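Worth knowing before you read on, the calculation uses all heavy atoms, side chains too, and leaves out hydrogens, waters and symmetry mates. Remember, predicted model here, so these are calculated numbers, not experimental data. Convention: sequence-line order gives letters A, B, ...; per-chain numbering from 1.
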Amino acid sequence: MSRLYRAPILTALVAAAIFPAFATAQGVDDAMLKNPPRDSWPGFHGDYTGQRHSPLTEINPRNVQDMTLAWTHQTQQTGGIKSTPILVDGVLYFTVPDNIWAIDARNGRQLWHYVAPPNKAFHIGQRGVSMYKDKIYYMSSDAHLLALDAKTGKVIWDVVIADSTKGQWATMSPLIVHNHVLVGASGDFDNLQGFLKSVDPETGALQWTWFATPPPGTPKSTTGGNIWLTGTYDPDLNLVYFGTGNPSPVLNGKVRPGDDRYTCSIVAINPDTGKLAWGFQPSPHDTHDWDAVEIPVLADVNFHGTPRKVLMQASRNGYFFVIDRTNGKSLLTVPFGPVNWSLGVDKNGEPIPNPAKEPAPDGRLVAPDEGGLTNYRSPAFDPKTGLFLVSASPAYSLYFSKPADGTYGWSGADYTLWSTGVLDAIDIQTGKIRWSHDLGRRAGSGLLTTASGLTFTADASGNFLALDTATGKTLWHAGTGSSVSSNPITYELDGHQVVLTSSGSVLYAWTLPPHASGGAATHNGAAQK
Amino acid sequence: MSSQFKKTVAAVSVPVSALLLLLPGLLAQGPPPAGAAGAAGRARPAGGRSTVGSQGPLPEHAKFSAEQVDAGSTLFLQNCAFCHGKEAEGGESGPDLTRSKVVSSDKNGEAIGSVIRSGRPEKGMPPFSLGDQQITNLVAFIHSRQDAFLSQSGNRRGVEESDLHTGDAAAGKRYFEGEGGCTKCHSATGDLAGVASRLNGLRLEMQMLYPREGKQKIVVKTPNGQSLSGTVEYQDEFSLAIRDAAGNYHSWPTNEVSFKIDNPLQAHVDALSKYTDDDIHNVLAYVQTLK
């Protein structure tokens, strides 16, 4: 099918007539987001589920050791790539803060490069752009949402989502659902109100805002709950799922008594109305900066013998949660690494924070550390093995807070004593870890699984890895000499599978060599079957 | 709860050099403003170049222009502030640079610039490929923040020596000699004699819980049957590098050698899942007596 992009126009027209689904192949529509074609990766997670599990099987455990480099693309920028590229109509779009590129997926050649105006905001990362119809949607570091013409990179509109001068900034890739562009922002160095906003993709007009917390200044109430990672979507239930960030002040919980809902929560929201359907709180009354924004992964599985629509999250606070996503009821809550801050789990499946582990003037030993047992690194779910794969970082740390640290922003201090990095394969039925692969130290890469039984990721030393999903054994690796802080993706191009990874400021496209069985490309450019 | 994970944790090799945080210099007395990370009130106080409390004279460094400091502040906000805080006072994961010995010993970017260019990969800090002028501007900003903090009175975020005297030294001694098993490797009159004179405050506590140490010792059996000992220079899943006693560098594919790493720090990792907070404070109180 993807021949369409390289074939003569006449052939394209014929192909379009034969495959009506591709007749309007320019851009992204609802059908594509719901069921991404094999030759696309049209949104942050690839599809709406957040599973990062691809149906592609050409590259498999038997031939992956032959996988070789097709091309690289060098951004020539100082900042490393943290974005997940999207692929639409043979063009890859990806970012680093203040920069968007459109490049040809066949060779890495640049089609256009957008550079944002200078701005005084945190430039800690940019996780990627989204696309709907013929427009690219980009959150700038200073929390504007921009729509750009996908063909040219020209800005069509630019709207302010949050006031960056007050301390909010943005990194997220917007979630597109029908005619809604859903965005949030970061900002827990200040006492601000976390939110999810829905914006009209055509005009940039605000459709609705859902606030996670009351306005700053509300007595005895928390602020925070910032939403800064892309959510997931269930088209049948018409609900979007997002995780919310930690409460503020961050380490001082005394001035915000109670659970501090809806901070550190998973929330289900109707994308057409902005109304909350249900909320579940992984960290009631958090005092350790454990945002629950980690990807809420959706799957339809047989859970303990019953077909279930589940939502799964490996949360920064160290717990793995399985929830019925129709109603928010808990199915499983279990720690997936060292956790010493809770008194157990309540009847709703929410952990009970131990007050003795709140930050104190003389310090408290807490596991995990502030970086969390996991974090922004996207997990993957392999339906065949029932394994939820997550880049984990067991750690111990000291947390301090005293009255002199105040009630604004951080309000304390914390120090990691020891940490390490492992890729854990969690059995979703029990929460038990079936295998664990040493990553050296806390690693930055997310995960990708494929239906052929492969897991793609990278270790903390900058080695790209392909593992056997069933066992965790390494089948292929390539050292890159820089650190990997992004999520791998895969797609089909010209009938052959490509794995796209990045390290430092370089994108790497991997394929099977032309001489391998079912080879990836021919050197004479001859037509393929 | 953590006990069920001990196996997982213990099974993982521990890179000794990893994750030891770049500890702030811990210049004894704390000054500065309360936690409010708000920008207001953070300006350099008017008046002379002097610190408050008993911090001694302000560190000596090159004179930087207001333009350099201003340009540096933008770069700092974009590249550094998430980890090190908007005012370099410590943030999500990076240390407080206003108390950093690297900063206070730096004159004109030679020390700070080197850390910026090379990063501290083992501690999670990436290298930054910035131009010389950009680095000078960052250095100017970081020095300006340290000067400002050292000159400010009032409270600040951070841990003071005086916060860390809540334990019972006698109970700590009992734990040290008994349940803690510390005497298997340590002695109050041997390796730890005078430790509290060399270190104090948070640095002493962190060193006690997970020591900052040099390289791991290793013995490698090479493919031709030779045995080589030295310290680990580099290790990942696929390659291993050591430096031998003569200073020579050797490396191999990991799967072509057998090797044994002596990691005395594993006992410290194991202890982290056993300590109560009282144990820690008591042992610290005891160690604080070892002057």
Side-chain angles (χ1 to χ4, degrees), chain A residues 78 80 97 118 120-124 141 167 189-190 249 252 289 335 337-340 342 356 360-365 367 370-371 394-396 398 400 402 404-413 415-420 422 433 436 438 440-442 459-461 463 465 474 477 479 483, chain B residues 1-2 4-6 8-9 11-15 18-19 21 23 34-38 74 77-79 81-83 85-86 90-93 96 121-122 124 126 128-130 155-159 163-167 202 205-206 209-210 235-239 268-269 272-273 275 277 280-281:
Chain A
T78 56
K120 276 204 173 198
F122 285 6
H123 283 45
I124 62 165
S141 294
F189 288 85
D190 297 276
N252 177 356
D289 191 32
V339 163
N340 77 352
S342 93
D362 59 354
R364 290 294 179 268
L365 180 73
E370 174 198 316
Y396 283 84
L398 290 175
F400 296 89
K402 54 188 170 183
D405 293 324
T407 59
Y408 191 90
W410 210 261
S411 301
Y415 303 87
T416 299
L417 293 163
W418 171 89
S419 73
T420 188
V422 287
I433 292 170
S436 197
D438 188 5
R441 301 181 302 277
R442 176 173 289 161
D459 69 17
S461 304
N463 293 299
L465 304 174
T474 305
H477 77 277
S483 59
Chain B
M1 209 171 286
S2 53
Q4 64 178 292
F5 298 102
K6 224 186 101 211
T8 316
V9 174
V12 171
S13 73
V14 183
L19 68 76
L21 293 180
L23 262 183
T74 299
L77 200 59
Q78 293 182 344
N79 295 287
F82 180 74
C83 292
K86 288 179 186 173
E92 283 258 339
S93 55
D96 179 348
E122 76 285 3
F128 289 82
S129 41
L130 298 168
N155 295 307
R156 65 178 299 177
R157 170 192 162 174
V159 180
D163 296 331
L164 302 176
H165 288 275
T166 56
L202 181 62
E205 180 171 18
M206 291 184 69
L209 291 169
Y210 193 79
Q235 186 190 7
D236 69 15
E237 186 177 336
F238 311 103
S239 70
H268 282 266
V269 177
L272 290 171
S273 61
Y275 288 125
D277 289 300
I280 292 174
H281 299 143

With only heavy atoms counted, which part of [X] is less than 4.5 Å from chain B, the side chain, the backbone, both or neither?
{"X": "A:Ser461", "value": "both"}
{"X": "A:Ala367", "value": "neither"}
{"X": "A:Ala356", "value": "backbone"}

- Heavy-atom contact with chain A under 4.5 Å, split by part of B:Leu272: both
- Query: Using non-hydrogen atoms only, which part of B:Leu77 is less than 4.5 Å away from chain A: side chain, backbone, both, or neither?
  - Reply: both
- Task: Evaluate the ring planes of A:His477 and B:Phe238, with Trp represented by its six-membered ring, and classify them as parallel (under 30°), tilted (30 to 60°) or perpendicular (over 60°).
- Result: parallel
- Which of A:Asp289, A:Leu365, A:Ile124, A:Asp362 touches chain B most, by non-hydrogen pairs under 4.5 Å: A:Asp362
- Item | Most chain B-contacting option - heavy-atom pairs closer than 4.5 Å, from A:Leu398, A:Asn252, A:Leu465 | A:Leu398
Answer yes or no: is there a side-chain heavy-atom contact under 4.5 Å between [X] and [Y]?
{"X": "A:Tyr415", "Y": "B:Met206", "result": "yes"}
{"X": "B:Glu237", "Y": "A:Asn463", "result": "no"}
{"X": "B:Val269", "Y": "A:Thr420", "result": "no"}
{"X": "B:Leu164", "Y": "A:Phe400", "result": "yes"}

- Between atom CG of A:Asp190 and atom NZ of B:Lys86, what is the distance when rounded to the nearest 0.5 Å? 3.5 Å
- Going from CG on B:Leu209 to OH on A:Tyr396, what distance comes out if it is rounded to the nearest 0.5 angstrom? 12.0 Å
- Message: Minimum heavy-atom separation for A:Phe122 and B:Ala81, please, with both atom names.
- Response: CE1-CB, 3.5 Å
